[in-house]
Amino acid sequence: MKIKYRSNLLAGCLAIVAAAVLFLIIPSQVGLESSATYGITSRTLPYALSILSAACGVGLIVQSLVLKKDEVREIELRQEAKGLLYMLILLAYGWGFSRSFLISTSLLGAVTLALQKDKKPLHYVVVVAVVVVLYFTFTELLHVRLP
């Protein structure tokens with residue numbers, strides 16, 4: 001199945017949606033300190049970046065609709081299926097990371113190797129060994145709490 005889209009128009013719409021989402025989640029993710037210097041707080045830069053992203057999105061939409069500077073592109077979903085699958089795997093990794101660093105990161109490494117059609121067992125062993133070494137380095141030497 002092929003999907004046609006206008007590159008600037010789609011990128012502009014996505015930039016505006018992403019900026020709106022960022023603008024809405026900033027208060028829950030960035031704390032507000034009690035003292036502000038000249039009205040600048042810890043939320044000022046994230047808000048400014050989300051507004052700048054929205055402004056760039058509006059610029060792309062204007063460029064597409066008003067100035068007619070846009071390309072119609074086409075993607076084949078079958079060719080992009082592997083990339084979409086990997087995005088879903090990364091989402092699952094984000095969910096699994098909060099439960100267990102060792103298991104989720106080892107599985108991510110193994111699935112990544114499997115998607116690349118790597119058949120050497122040593123590579124899988126190396127991935128798991130590196131994850132274990134990283135886990136103990138962070139938890140025992142650096143005293144970082146990992147799930």
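Only a predicted model underlies this, so the values are computations on that prediction, with no experimental measurement involved. What's counted below: heavy atoms across the whole structure, side chains too, no hydrogens, waters or symmetry copies.
- A donor-acceptor pair under 3.5 Å is absent between the side-chain atoms of Y93 and the main chain of L88, judged by distance alone.
- Closest non-hydrogen pair, A11 versus L60, comes out as CB-CD1, 3.9 Å.
- The CZ atom of F97 sits 13.0 Å away from the CG atom of L90 when rounded to the nearest 0.5 Å.
- Between Y47 and F23, the ring planes lie tilted relative to each other; the angle falls in the 30° to 60° range.
- Atoms CD and CG, from Q29 and L24 in turn, are 12.0 Å apart once rounded to the nearest 0.5 Å.
- Rounding to the nearest 0.5 Å gives a distance of 16.0 Å between OH of Y86 and CD of E80.
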What do the steps show when you test E71 against R73 for salt bridge (charged side-chain N to carboxylate O under 4.0 Å, His left out), and what is the final call? CA-CA 6 Å; E71 294 179 22; R73 295 191 179 183; 3.3 Å; yes
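- At least one donor-acceptor pair under 3.5 Å links the side chain of D70 to the backbone N or O of N8.
- Proximity of a side-chain donor or acceptor of K82 to a complementary backbone N or O of L115 within less than 3.5 Å is detected.
- Legend: residues meeting side-chain contact (heavy atoms from CB on, under 4.5 Å) with E140, ordered by chain and number and at least two apart, are F136.
- S98 and P147 get closest at one heavy-atom pair: O-CB, 3.5 Å.
- Here the CG atom belonging to L102 is positioned 8.5 Å from the CG atom belonging to L146, to the nearest 0.5 angstrom.
- We find the OG1-CZ distance between T139 and R145 to be 12.0 Å, quoted to the nearest 0.5 Å.
- A donor-acceptor pair is defined here as one N or O able to donate and one able to accept, closer than 3.5 Å; no such pair exists between the side chain of S106 and the backbone of I103.
- With V130 as the fixed residue, the side-chain contact (heavy atoms from CB on, under 4.5 Å) test singles out one of V127, V126, V128: V126.
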